[in-house]
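Computed from heavy atoms alone, side chains included, the values below leave out hydrogens, waters and symmetry copies. Nothing here was measured: the structure is a model prediction, and the numbers come from that model. Counting convention: from 1, in listed order, for ligands and their atoms alike.
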Amino acid sequence: MKYQIIHIKTIDSGYAGKLSFFEGSHDVPFEIKRIYYIHGVPNGSVRGGHAHKALKQILFCPFGRIEIILDNGTEKTSVMLDDPAKGLLIGPGLWRDMIWHQENSVLCVAASEYYDEKDYIRNYDAFLAYVKAGERHG
Ligand code: TYD
């Protein structure tokens, strides 16, 4: 599957907490064109329900617990974002669902492209067809 869990570099300032950071092209394998974040989400909510054709993203959760379920059309895997220093790199062609396991958890995303609705696949059957077509064309 085209995903990777990374450790986000973190400076420990002792009694005054920690600072985590990453740089586009250096720590993540793309230039960052867009940052967005999802907040104010009630516990138990499910978001996502789509895949992207070209977009690369790094997801991280600076506060709370959010489960990311990735699906490549054949198998599913689950990654729990429960540590501000944990990042999840996601390549294109993966269906994702996000489940909020803690009230007010914040999901942050840095993305390789500007927002483009045409890059989304929001229908699961269309996603399966897209994956199959990709397999046929190599
Ligand atoms: P969506 O990506 O579907 O959110 P989620 O995966 O959390 O369910 O986006 C929700 C809405 O926000 C949708 O109408 C598209 C819009 N949107 C933007 O306008 N700009 C953006 O950068 C993003 C990520 C979403």
Asker: Taking the side chain from W95 and the backbone from G73, do they hold a donor-acceptor pair closer than 3.5 Å?
Answerer: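 A pair under 3.5 Å: no.
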
Asker: For residues 78-91, which residue pairs qualify under side chain to side chain donor-acceptor pair (under 3.5 Å), counting only residues two or more places apart or in two chains?
Answerer: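 Output for this query lists E67-S78.
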
Asker: Output, in order, the C-alpha distance, side-chain angles, deciding distance and verdict of ring pair (Phe, Tyr, Trp, His ring centres under 6.0 Å) for Y124 and F127.
Answerer: CA-CA 5 Å; Y124 191 72; F127 167 68; 5.8 Å; yes

Asker: What are the atoms of ligand 1, with element, lying closer than 4.0 Å to any heavy atom of R122?
Answerer: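 With R122 as reference, the close atoms of ligand 1 come out as 1 (P), 3 (O).
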
Asker: Just jot down the salt bridge (charged side-chain N to carboxylate O under 4.0 Å, His left out) partners of E31, sequence neighbours excluded, or say none.
Answerer: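 For E31, no residue satisfies salt bridge (charged side-chain N to carboxylate O under 4.0 Å, His left out) once neighbours in sequence are set aside.
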
Asker: Considering only the protein, which heavy-atom contact is closest to atom 6 (O) of ligand 1, and what is its distance?
Answerer: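 Nearest neighbour among protein heavy atoms for atom 6 (O) of ligand 1, to 0.1 Å: H50 CE1, 2.8 Å.
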
Asker: Using a 4.0 Å cut-off to any heavy atom of I38, which atoms of ligand 1 qualify?
Answerer: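 Those of ligand 1 that fall under 4.0 Å from I38 are 7 (O).
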
Asker: Against ligand 1, does Y114 come closer than 4.0 Å with any heavy atom?
Answerer: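 Distance cut 4.0 Å: Y114 fails for ligand 1.
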
Asker: Any N or O on Y115 sitting closer than 3.5 Å to an N or O of ligand 1?
Answerer: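 For ligand 1, there is no N or O atom that lies under 3.5 Å from one belonging to Y115.
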
Asker: Less than 4.0 Å between a side-chain N and a carboxylate O, is that true for R122 and E117?
Answerer: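 Yes, charged N to carboxylate O under 4.0 Å.
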
Asker: Return yes when M98 approaches ligand 1 closer than 4.0 angstrom through a heavy atom, no otherwise.
Answerer: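 Distance cut 4.0 Å: M98 passes for ligand 1.
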
Asker: Is D119 reaching over with its side chain to a backbone N or O of L55, donor-acceptor style, under 3.5 angstrom?
Answerer: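 Such a contact is found between D119 side chain and L55 backbone.
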
Asker: Is atom 23 (C) of ligand 1 touching the protein, meaning some protein heavy atom lies under 4.0 Å away?
Answerer: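 Flag for atom 23 (C) of ligand 1 set to true, protein heavy atom closer than 4.0 Å.
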
Asker: Hey, are Q57 and R96 close enough side-chain-wise for a donor-acceptor pair under 3.5 Å?
Answerer: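 The criterion, which ignores hydrogens and geometry beyond distance, is satisfied for Q57 and R96.
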
Asker: Looking at atom 12 (O) of ligand 1, tell me if a protein heavy atom falls under 4.0 Å from it.
Answerer: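 When distances to the protein are checked, atom 12 (O) of ligand 1 has no heavy atom within 4.0 Å.
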
Asker: When you compare ligand 1 with G48, is there at least one nitrogen or oxygen pair between them that comes in under 3.5 angstrom?
Answerer: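 Yes: some nitrogen or oxygen of G48 is under 3.5 Å from one in ligand 1.
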
Asker: Could an N or O of ligand 1 be found under 3.5 Å from any N or O of Y36, whether backbone or side chain?
Answerer: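 The answer is no, given that Y36 and ligand 1 share no N or O pair closer than 3.5 Å.
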
Asker: So for ligand 1, is R34 a polar contact partner (N or O within less than 3.5 Å, distance only)?
Answerer: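 There is such a contact, yes.
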
Asker: Only one of F22, F21, Y37 clears ring-ring contact (aromatic ring centres under 6.0 Å, His included) with F60; which?
Answerer: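 Passing option: F22.
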
Asker: Salt-bridge test for K9 and D27: reply yes if a basic N is under 4.0 Å from a carboxylate O, no otherwise.
Answerer: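 Yes, K9 and D27 are salt-bridged.
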
Asker: Considering only protein heavy atoms, determine whether one is less than 4.0 Å from atom 2 (O) of ligand 1.
Answerer: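 At least one protein heavy atom is under 4.0 Å away.
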
Asker: For atom 10 (C) of ligand 1, what's the nearest protein heavy atom and its distance?
Answerer: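 Looking at atom 10 (C) of ligand 1, the protein heavy atom closest to it is R47 NH2, 3.9 Å.
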
